[in-house]
Amino acid sequence: MSLPTPVTDYAALFLQDIPLLDVRAPVEFAEGAFPLATNLPLLDDHQRQVIGTEYKQQGQDAAVALGYQLATPEVKQARQQAWLDYGRQHPDTVLYCFRGGMRSHISQEWMAEAGLRIPLVKGGYKALRRFLLDTLEQRSQQQPLWCLSGRTGTGKTDVLLSLPHQLDLEGLAHHRGSTFGYTVKPQPSQISFENALAIGLLKHAHHAPQHTLVVEDESRLIGRIALPPCWQEAQQRAPLLVLEASVEERQERVVRDYILRQYQDYQEVYGGEAPQRFRDYVLGNLDRIRRRLGGARHQALRTEWSEALDAFLSHGDYQGFLPGIRELLVNYYDPMYDYQLSQRQEQIACRGEAEQIRAWVAKHQPH
């Protein structure tokens with residue numbers, strides 16, 4: 001049976017947003033995947049485990065024999081139907097297993113038997129991952145970069161997303177980057193984040209090679225996601241665009257982003273459980289910074305916000321949060337940020353309010 005030629009142009013897969021069919025086991029997929037990959041495994045987690053044990057104890061031939069034994073007609077038909085349904089919706093897809101070996105070839109053959117001819121990725125997931133790690137390292141060294149900085153609540157993400165050549169790291173990490181930045185949507189795995197970051201850099205280098213990329217000036221961690229060391233170093237070298245806003249504007253923006261929008265997300269996900277879960281989220285995050293706040297200040301804020309939550313959750317009044325938010329901004333977040341910025345004064349290329357930042361970027365990008 002003639003099968004399609006294996007795919008070796010890894011860059012094209014990501015630049016053209018080719019849908020990827022991942023036939024690895026679910027546990028492998030959860031550890032790391034690509035943004036447009038769908039997991040329709042040849043082996044489930046249990047089958048993969050018992051076959052792996054057989055391979056270690058009895059060798060490859062015994063493991064292969066066990067694999068075919070587990071592949072009952074019902075199992076095979078279910079796999080083929082799932083792949084067939086996916087292939088009809090994504091006719092340009094390609095498939096891969098971990099190394100592009102036996103699982104890929106068996107899956108490809110079963111698909112062909114069902115009338116679906118799909119090429120496989122030569123080298124599988126491992127080759128794609130290696131390509132993206134190399135891309136990340138290379139672009140970290142070569143990518144012209146501006147880092148959008150600013151105190152908490154200045155609206156950095158809003159400004160960033162309004163710019164034509166930008167990469168939203170917090171969006172990739174599913175986190176808003178502060179103590180209260182957790183979102184209802186789970187964060188990706190570390191590997192999945194790195195893959196998405198590398199793909200974003202690859203696309204920018206391909207589509208806008210002459211333009212400087214703008215990213216938000218992140219710390220080492222975005223939630224539980226760590227910036228790769230090579231990219232963290234690139235950001236530390238980059239010129240800074242410092243966004244400024246009044247305390248009043250910042251208060252209102254923090255309420256909008258971390259109270260109103262967050263609670264709306266909680267309602268959509270948790271329904272009737274949203275009020276209690278949101279209360280636990282707000283007070284739990286405050287408890288996480290207790291040591292830095294000091295016991296007395298933490299307890300005062302906790303009491304204040306407990307009352308604010310009562311008013312907000314009962315009739316939507318968020319005013320009770322404002323004094324505590326101002327306290328955190330002025331006496332907790334700002335001193336930390338101002339100290340960090342004082343260490344990088346020579347890197348500041350521009351500072352001002354949102355329109356001034358946008359105008360500076362537009363002026364200094366090539367036309």
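Quantities reported herein were computed from a predicted structural model and do not represent experimental measurements. Residue indices begin at 1 and follow the sequence shown. When reading the values below, keep in mind they use all heavy atoms of this one structure, side chains included, and skip hydrogens, waters and symmetry mates.
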When you compare the side chain of [Y] with that of [X], does any pair of heavy atoms fall below 4.5 Å?
X      : Y      : value
Val121 : Leu95  : no
Arg351 : Leu241 : no
Pro26  : Asn39  : yes
Gln143 : Thr212 : no
Pro239 : Ile348 : no

Where do [X] and [Y] come nearest, in terms of heavy atoms and distance?
X      : Y      : answer
Leu293 : Leu301 : CD1-CD1, 4.2 Å
Pro366 : Gln210 : CG-O, 3.3 Å
Gln235 : Arg344 : O-NH2, 3.1 Å
Leu15  : His207 : O-NE2, 4.5 Å
Pro335 : Tyr332 : CD-O, 3.5 Å
Tyr10  : Ala127 : OH-CB, 3.4 Å

Can you name the ring pair (Phe, Tyr, Trp, His ring centres under 6.0 Å) partners of His90, sequence neighbours left out?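 Checked His90 against ring pair (Phe, Tyr, Trp, His ring centres under 6.0 Å); matches are Tyr86.
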Gap between atom [atom2] of [Y] and atom [atom1] of [X] - 0.5 Å precision:
X      : Y      : atom1 : atom2 : answer
Ser107 : Met102 : OG    : CE    : 11.5 Å
Ile199 : Leu197 : CD1   : CG    : 9.5 Å
Leu328 : Thr152 : CG    : OG1   : 9.5 Å
Asn285 : Gln262 : CG    : CD    : 9.0 Å
Cys97  : Leu21  : SG    : CG    : 11.0 Å
Leu283 : Arg288 : CG    : CZ    : 13.5 Å

Check ion pair [X]-[Y] (N to O, under 4.0 angstrom):
X      : Y      : answer
Arg250 : Asp334 : yes
Lys203 : Asp17  : yes
Asp265 : Arg261 : no
Glu28  : Arg48  : yes
Asp45  : Arg24  : no
Arg256 : Asp158 : yes
Lys156 : Asp217 : no

Is there a side-chain contact (heavy atoms from CB on, under 4.5 Å) between Leu84 and Met111? Walk through the geometry before answering. CA-CA 7 Å; Leu84 194 59; Met111 291 179 199; over 6 Å; no
Considering residues at least two apart in sequence or located in another chain, which fulfil the side chain to side chain contact (heavy atoms under 4.5 Å, CB included) criterion with Gln356?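 With sequence neighbours excluded, Gln356 shows a side chain to side chain contact (heavy atoms under 4.5 Å, CB included) to Glu353, given in chain and number order.
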Trace of the side-chain contact (heavy atoms from CB on, under 4.5 Å) decision for Trp146 with Leu240: CA-CA 6 Å; Trp146 292 323; Leu240 297 176; over 6 Å; no
Quick one: do Leu132 and Phe98 end up in the same hydrophobic cluster if we chain Ile, Leu, Val, Met, Phe, Trp and Tyr together by side-chain heavy atoms under 4.5 Å apart?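 Shared cluster, yes.
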Please say yes or no: joined through hydrophobic side-chain contacts below 4.5 Å, possibly via intermediate residues, are Leu286 and Leu313 part of one cluster?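 Same cluster: Leu286 reaches Leu313 through Ile, Leu, Val, Met, Phe, Trp or Tyr contacts under 4.5 Å.
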Pairs where residues 208-235 contributes a residue and the test ring-ring contact (aromatic ring centres under 6.0 Å, His included) is met, not counting sequence neighbours: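 Counting only pairs at least two positions apart or across chains, the ring-ring contact (aromatic ring centres under 6.0 Å, His included) contacts touching residues 208-235 are His165-His211.
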Between [X] and [Y], what is the ring plane arrangement, given parallel below 30°, perpendicular above 60°, and tilted in between?
X      : Y      : result
Phe34  : Tyr96  : perpendicular
Trp110 : Trp83  : tilted
Phe278 : Tyr266 : perpendicular

With no hydrogens and no angle check, just 3.5 Å: does a side-chain donor-acceptor pair link Gln138 and Thr135?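 Judged by distance alone, the side chains do not pair up.
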For Thr154 and Glu244, which I'm curious about, is there any donor-acceptor pair between the side chains at under 3.5 Å?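 No, no side-chain donor-acceptor pair sits under 3.5 Å.
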Which is it for Leu202 and Phe14 under the side-chain contact (heavy atoms from CB on, under 4.5 Å) test, yes or no, and what are the steps along the way? CA-CA 8 Å; Leu202 178 72; Phe14 299 116; 4.0 Å; yes
[X], [atom1]: over 12 other non-hydrogen atoms inside 6.0 angstrom:
X      : atom1 : result
Arg99  : CZ    : no
Tyr318 : OH    : no
Arg224 : CZ    : yes
Glu268 : CD    : yes
Gln142 : CD    : yes
His364 : NE2   : yes

Kindly determine whether Ser306 and Thr303 satisfy side-chain hydrogen bond (donor to acceptor under 3.5 Å, both in side chains), including the steps that lead there. CA-CA 5 Å; Ser306 293; Thr303 300; over 6 Å; no
Pair Gln236-Gln232, side-chain hydrogen bond (donor to acceptor under 3.5 Å, both in side chains): steps then yes or no: CA-CA 6 Å; Gln236 288 296 315; Gln232 189 178 357; over 6 Å; no
Trace of the side-chain hydrogen bond (donor to acceptor under 3.5 Å, both in side chains) decision for Ser246 with Glu249: CA-CA 5 Å; Ser246 69; Glu249 289 177 292; 3.2 Å; yes
side-chain contact (heavy atoms from CB on, under 4.5 Å), that's the test. Do Leu309 and Val282 meet it? Break it down for me. CA-CA 9 Å; Leu309 281 162; Val282 172; 4.2 Å; yes
So, do Tyr263 and Tyr281 have ring centers that fall under 6.0 Å from each other?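 For Tyr263 and Tyr281, the ring centres are not under 6.0 Å apart.
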